[in-house]
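These notes concern the structure reproduced below.
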Amino acid sequence: MRIAFLTPLWPPSMAQNGIATYVDVMTRALERKGHECIVIAVWPLGGGDPRMRHIRRPRLNGAEKLFRRVRGRIEGDQTFDYHLFGRGVANALIDADREQPVDVIEAEESFGLARYCVGATGAKVIVRSHGPHFLVHQGVFQSGDRRRVRKEGHAFREADGVCFPSGALRDAVASQYGLDFPVSAAYPNPIDIPPASEAWTLDGCDRNTILFVGRFDAVKGSDVALQAFQTIAQKRRDVRLVMAGVDHGLRGPDGAMLKFADYVRAHMAEDVRSRIEFLGPVPREEVPGLRRRALINLTASRYETFPYAVTEALALGAPVVATATPGLAEY
């Protein structure tokens, strides 16, 4: 079969993104089975992968530009142009299909882009849910958020089939949109299992290091992790916390968004701050080494559909402490 995957970011070595991780594991596994895979990247981060196709956004004629301006006045300013990006994704699929017919495209649900692929070629369109906006959005819902939720609902409704990393997520999406999903499945995201020689060992770790891998934001519970560490650090003077991930920031009491340095300065005791090492984004290939060096891998997410931070640590045999949210506790 010839299978296309839609991902927001590519290549995975440069992406701090669970969807890119999922697509990477899936494509490698399918290629080992003799299938051909292509990857359509909405925001490519670098070249070098012959499987990657950039989205090809259409050139707008005068009438389309006028319609876009009118629609903008009616719907309000859009930071994301659904129609333009959706047609770009469909064009990338059409281009790939012209090279050689594509049998299936599996697309994540973000922004409802998958719906633009329905009927564009003979390929079946499968939506793989990784975290719909109505569940993972941070902060107050604005008109743009409500629009995105509607668009993602259209994608779930119009796809040839849908799949989820858990039955609980399928039930949540079905309830949100009033859908019964006649063609659907729930199964975990695949992950690589390292060889035993690369497994975590107690003798090989630093018993005073706690590791947090994830975005610095509210969904990943970075503030929860910091509060927990502060409690521990006040009792154990030798313990330290290493944090690795993109710094999206956390909101302070006044609603202002604070980046890591400003947040810890405002919320953490000075002697505790000195024992927190913030690495920022870390190349994927370096993360297993961080996991092996830590005594505990800490995950504090408020919500997860599929927790790579947990499952990848468990695959190494590393001890994990996690918040008791459904997506984490299930795995």
Side-chain angles (χ1 to χ4, degrees), residues 1-58 85-131 152 155-156 158-165 181-195 283-285 305-306 308 311-312 315:
M1 295 179 67
R2 195 162 191 248
I3 305 166
F5 288 88
L6 176 65
T7 178
L9 303 171
W10 199 259
S13 60
M14 302 174 68
Q16 299 283 319
N17 181 267
I19 299 171
T21 298
Y22 165 83
V23 171
D24 177 43
V25 178
M26 286 290 289
T27 52
R28 287 188 283 109
L30 288 166
E31 286 167 351
R32 287 196 296 269
K33 294 291 186 180
H35 303 289
E36 181 185 355
C37 296
I38 61 173
V39 177
I40 298 173
V42 179
W43 290 285
L45 302 175
D49 187 344
R51 301 172 303 170
M52 185 176 74
R53 306 292 190 277
H54 297 208
I55 68 169
R56 181 169 58 80
R57 283 176 280 182
F85 275 83
R87 285 175 60 184
V89 171
N91 286 342
L93 176 62
I94 291 168
D95 292 343
D97 193 72
R98 284 173 179 160
E99 299 167 5
Q100 184 179 338
V102 176
D103 298 295
V104 175
I105 176 168
E106 184 182 285
E108 45 104 2
E109 75 273 39
S110 294
F111 302 103
L113 296 180
R115 65 185 297 231
Y116 291 89
C117 295
V118 176
T121 67
K124 295 295 183 182
V125 178
I126 307 299
V127 171
R128 174 70 173 178
S129 184
H130 291 271
E152 291 180 356
F156 283 119
E158 297 173 23
D160 296 297
V162 292
C163 53
F164 303 87
F181 297 132
V183 180
S184 69
Y187 53 88
N189 292 349
I191 64 168
D192 290 313
I193 305 297
R284 242 181 102 200
E285 61 270 17
T305 56
F306 183 86
Y308 276 105
T311 52
E312 289 181 349

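These numbers were taken from a predicted model, which means no experiment stands behind them.
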With sequence neighbours excluded, what pairs up with Val25 under the side chain to side chain contact (heavy atoms under 4.5 Å, CB included) test?
Arg28, Pro190, Asp192
Please name all residues satisfying side chain to side chain contact (heavy atoms under 4.5 Å, CB included) with Asp97, sequence neighbours left out, ordered by chain then number.
Pro101, Val102, Thr121
Step by step, work out the side chain to side chain contact (heavy atoms under 4.5 Å, CB included) result for Val104 and Val125.
CA-CA 6 Å; Val104 175; Val125 178; over 6 Å; no
Which heavy atom in Ala159 sits nearest to a heavy atom in Val118, and how many Å separate them?
CA-CG2, 4.4 Å
Write down the atom of Ala120, the atom of Ile94, and the distance for their closest heavy-atom approach.
O-CG1, 3.9 Å
What residues form a salt bridge (Lys or Arg N to Asp or Glu O under 4.0 Å) with Asp103, not counting sequence neighbours?
none
So how far is it from Phe306 CZ to Asn189 CG, rounded to the nearest 0.5 Å?
4.5 Å
Within-4.5 Å side-chain heavy-atom neighbours: Glu108 and Thr7
no
Considering residues at least two apart in sequence or located in another chain, which fulfil the salt bridge (Lys or Arg N to Asp or Glu O under 4.0 Å) criterion with Arg128?
none
Trace of the side chain to side chain contact (heavy atoms under 4.5 Å, CB included) decision for Phe164 with Tyr187
CA-CA 6 Å; Phe164 303 87; Tyr187 53 88; over 6 Å; no
Contacts of Thr305 that satisfy side-chain hydrogen bond (donor to acceptor under 3.5 Å, both in side chains) - sequence neighbours left out:
none
Minimum heavy-atom separation for Ala155 to Ala114, with atom names?
CB-CB, 4.4 Å
What is the distance from atom CE of Met26 to atom OG1 of Thr21, rounded to the nearest 0.5 Å?
13.5 Å
With sequence neighbours excluded, residues passing salt bridge (Lys or Arg N to Asp or Glu O under 4.0 Å) with Arg53
Glu99
Closest non-hydrogen atom pair, Glu109 against Ser129:
OE2-OG, 3.0 Å
Does any pair with a residue in residues 32-46 pass salt bridge (charged side-chain N to carboxylate O under 4.0 Å, His left out), and if so which ones, sequence neighbours excluded?
Arg2-Glu36
Minimum heavy-atom separation for Ala15 and Ala20, please, with both atom names.
CB-CB, 3.9 Å
Once you round to the nearest 0.5 Å, how far does SG of Cys37 lie from CD of Glu106?
10.0 Å
Heavy-atom side-chain proximity of Ile105 to Phe5 below 4.5 angstrom:
no
Backbone N/O of Leu9 and side chain of Asn17: donor-acceptor pair under 3.5 Å
no
So the ring-ring contact (aromatic ring centres under 6.0 Å, His included) pairs with at least one residue in residues 19-55 (sequence neighbours excluded) are Tyr22-His130, Trp43-Phe85
So how far is it from Ile40 CD1 to Arg51 CZ, rounded to the nearest 0.5 Å?
13.0 Å
Please evaluate residues Val89 and Leu6 with respect to the criterion side chain to side chain contact (heavy atoms under 4.5 Å, CB included), reporting the C-alpha separation (whole Å), side-chain torsions for both, the decisive distance (0.1 Å), and the verdict.
CA-CA 8 Å; Val89 171; Leu6 176 65; 4.0 Å; yes
For Pro195, give me all partners under side chain to side chain contact (heavy atoms under 4.5 Å, CB included), at least two apart in sequence or on another chain.
Ser197, Glu198
Locate the shortest heavy-atom distance separating Pro44 from Ala41; write the atom from each residue and the value.
CD-O, 3.9 Å
Could you pull out all residues at least two apart from Ile193 that satisfy side chain to side chain contact (heavy atoms under 4.5 Å, CB included)?
Ile191, Ala315
Out of curiosity, Ile55 CD1 to Leu113 CG, how far, rounded to the nearest 0.5 Å?
7.5 Å
Sorted by chain and residue number, the side-chain hydrogen bond (donor to acceptor under 3.5 Å, both in side chains) partners of Asp160 (sequence neighbours excluded) come out as none
In this structure, CD1 of Ile19 is separated from CG of Asp24 (nearest 0.5 Å) by 13.5 Å
Sub-4.5 Å side-chain heavy-atom contact between Val23 and Pro12
no
Who pairs with Glu152 by salt bridge (Lys or Arg N to Asp or Glu O under 4.0 Å), at least two apart in sequence or on another chain?
Arg148
